[in-house]
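Notes follow the structure.
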Amino acid sequence: MNEYPNQLSAAITWLRFPLIFMVITLHGYSVVQLPGNHSTFFHSVYPFALWFGETGVPVFFFISGFLFFLSHKTYLEKIKARCHSLLIPYILWNALLLFAYIVAFVVGNPQDINGKNMSDFMWTDYLRLFWDRGSYDNGNFVPLLCPFWYIRNLLILSLISPMIYIMNRYLRECYLLAVIIWWILTPHNAFIPQSILFFSLGAFFSIQDKNPLSLFIQHKTLFISLCLLLAGADIITHTAFPTAINLQIHRFALIANIPALFLLAYHFTAKSTLSSVASYLSNSAFIVFSIHYPIVVVLRKGCIQLFSSSSDFIQIILYFVCIIITTLISLLFYQVLPTKIKNILSGNRA
């Protein structure tokens with residue numbers, strides 16, 4: 001762990017905002033479905049929305065697992081820290097969104113949440129909004145603020161971290177291989193195996209006292225080649241030559257993106273300290289992650305309503321415009337918030 005310790009810390013800090021931007025590119029695509037056949041639109045945005053966009057959360061899990069076990073705090077101290085940094089923001093952000101739904105409902109706008117109108121809600125339905133919105137969805141359940149499934153799963157992983165430690169410490173690569181196979185072969189979004197896998201991958205380096213950046217730099221040519229090869233295979237099989245194993249190729253590509261992103265971050269931070277812009281963006285990352293989803297939903301649905309009959313070329317432009325506007329509005333929201341509120345809503349990350 002002695003090699004590149006400062007560079008690893010700088011790389012992780014630098015990556016925070018780009019990873020959030022990846023999540024925005026994903027949600028800019030996933031929150032709406034264009035009516036009719038828009039294959040040109042899908043083929044054009046796939047590299048940004050899915051190959052690029054779906055990389056964000058796995059890398060966050062990887063970093064979270066690495067940092068969790070890197071800390072020398074006791075288990076109870078770590079859980080207490082996660083309550084401040086994760087649980088309190090989790091409850092507050094979901095409560096804020098629920099309040100917005102209630103206000104809209106009270107002023108006369110019917111509100112359906114996961115297919116159920118709020119007029120039919122019981123108190124248990126309101127509680128479930130903070131967990132799964134009333135639907136397990138094959139393990140892909142999400143709270144009211146959908147992107148916060150990541151926060152919820154991270155809290156659960158923190159609670160079961162002793163088990164993950166034992167598996168990583170004694171079963172080592174056999175355990176990781178088993179979880180990789182589980183994730184690769186699970187259909188649909190597979191949030192549960194994805195969460196366990198990437199948190200465990202990050203944890204493996206800390207538990208085995210290894211620096212991931214050192215490994216990535218040592219085998220830089222191999223990792224970059226794998227990333228490019230799998231990226232090409234992923235994009236081609238989803239846009240030009242579909243196969244029966246598209247999903248598996250895509251998931252291997254996501255794994256290969258991790259070392260490539262760390263190497264990219266190292267490239268930008270190795271010879272200099274983080275710029276003031278990079279530090280600002282890193283500090284804003286949690287707030288941007290938390291607020292972007294309702295913004296991108298409104299923008300994308302508005303575009304669909306106004307331009308539903310437009311050409312694929314226009315839809316592609318609108319997709320990128322919505323991503324940029326969502327990012328700017330989210331940053332503006334972060335900028336205008338008072339510092340104390342920022343700290344509360346971000347778990348003292350701001």
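Both backbone and side-chain heavy atoms feed into the values below; hydrogens, waters and symmetry mates do not.
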So [Y] and [X], do their side chains get closer than 4.5 Å, heavy atoms only?
X      : Y      : result
Phe68  : Arg82  : yes
Ser290 : Leu345 : no
Trp51  : His238 : no
Val57  : Leu19  : no
Asn348 : Ser85  : no
Phe42  : Asn37  : no
Val45  : Leu50  : no
Lys220 : Leu263 : yes

With rounding to the nearest 0.5 Å, note down the distance linking [atom1] in [X] to [atom2] in [Y].
X      : Y      : atom1 : atom2 : result
Cys322 : Ile295 : SG    : CD1   : 11.5 Å
Ile245 : Thr237 : CD1   : OG1   : 8.0 Å
Leu264 : Asn257 : CG    : CG    : 11.0 Å
Phe61  : Ile258 : CZ    : CD1   : 11.5 Å
Leu318 : Phe41  : CG    : CZ    : 8.5 Å
Leu201 : Ile63  : CG    : CD1   : 12.5 Å

Could you pull out the closest heavy-atom pair between [X] and [Y], with the gap in Å?
X      : Y      : result
Ser161 : Phe69  : O-CZ, 3.5 Å
Ile102 : Met118 : CG1-CE, 3.7 Å
His38  : Ser310 : CE1-O, 4.1 Å
Thr269 : Ala265 : OG1-O, 2.8 Å
Ala104 : Gln111 : CB-NE2, 3.5 Å
Cys227 : Ala260 : SG-CB, 3.5 Å

- Message: Using the rule given for side-chain contact (heavy atoms from CB on, under 4.5 Å), can you reason through Leu226 versus Ile255, listing the C-alpha separation, both sets of side-chain angles and the distance that settles it, and then say yes or no?
- Response: CA-CA 10 Å; Leu226 277 175; Ile255 296 174; over 6 Å; no
Look only at the side chain of [X] and the backbone of [Y], and say whether a donor-acceptor pair between them is shorter than 3.5 Å.
X      : Y      : result
His43  : Thr239 : yes
Arg349 : Ser346 : yes
Asn343 : Lys340 : no
Asn168 : Ser200 : yes
Thr326 : His292 : no
Asp234 : Ile249 : no
Gln315 : Phe307 : yes
Asn140 : Ala190 : yes
Ser279 : Ser276 : no
Thr25  : Met22  : yes

Are [X] and [Y] grouped together when hydrophobic residues (ILVMFWY) are joined by side-chain heavy atoms under 4.5 angstrom apart?
X      : Y      : result
Phe198 : Leu247 : no
Ile325 : Leu331 : yes
Leu332 : Val296 : no
Trp14  : Val277 : yes
Val103 : Leu97  : no

What I want to check is whether the side chains of [X] and [Y] have a donor and an acceptor closer together than 3.5 Å.
X      : Y      : result
His250 : Asn246 : no
Ser119 : Asn117 : yes
Asn138 : His188 : no

How about [X] and [Y]: are their ring centroids closer than 6.0 Å?
X      : Y      : answer
Tyr46  : Phe52  : no
Phe262 : Phe216 : yes
Phe205 : Phe66  : no

- Show your working on side-chain contact (heavy atoms from CB on, under 4.5 Å) between Thr221 and Ile224 and close with a plain yes or no. CA-CA 5 Å; Thr221 302; Ile224 292 177; over 6 Å; no
Can you list, pair by pair, the side-chain donor-acceptor contacts under 3.5 Å of residues 177-187, counting residues two or more places apart and other chains?
{"residue": "Thr186", "atom": "OG1", "partner": "Trp182", "partner atom": "O", "Å": "2.4"}

Acceptor/donor pairs from residues 141-156 side chains to any protein atom, 3.5 angstrom cut, sequence neighbours excluded:
{"residue": "Tyr150", "atom": "OH", "partner": "Ser64", "partner atom": "OG", "Å": "3.0"}
{"residue": "Arg152", "atom": "NH1", "partner": "Trp131", "partner atom": "O", "Å": "2.9"}
{"residue": "Arg152", "atom": "NH1", "partner": "Phe141", "partner atom": "O", "Å": "3.1"}
{"residue": "Arg152", "atom": "NH2", "partner": "Phe141", "partner atom": "O", "Å": "3.0"}
{"residue": "Asn153", "atom": "ND2", "partner": "Ser195", "partner atom": "OG", "Å": "2.9"}

- Item | Residue pairs passing the ring-ring contact (aromatic ring centres under 6.0 Å, His included) test where at least one lies in residues 314-350, sequence neighbours excluded | Phe48-Phe320, Tyr280-Tyr334
- Hey, are Arg128 and Asp132 close enough for a salt bridge, meaning a charged N less than 4.0 Å from a carboxylate O? yes
- Task: Take Ile12 and Leu67, measure what side-chain contact (heavy atoms from CB on, under 4.5 Å) needs, and give me the verdict at the end.
- Result: CA-CA 10 Å; Ile12 289 173; Leu67 294 178; 4.2 Å; yes
- Task: Classify the angle between the aromatic ring planes of His27 and Tyr293 as parallel (below 30°), tilted (30 to 60°) or perpendicular (above 60°).
- Result: perpendicular
- Task: Give the C-alpha distance, both sets of side-chain angles, the deciding distance and a yes or no for side-chain contact (heavy atoms from CB on, under 4.5 Å) between Lys80 and Cys83.
- Result: CA-CA 5 Å; Lys80 183 179 179 181; Cys83 287; 5.6 Å; no
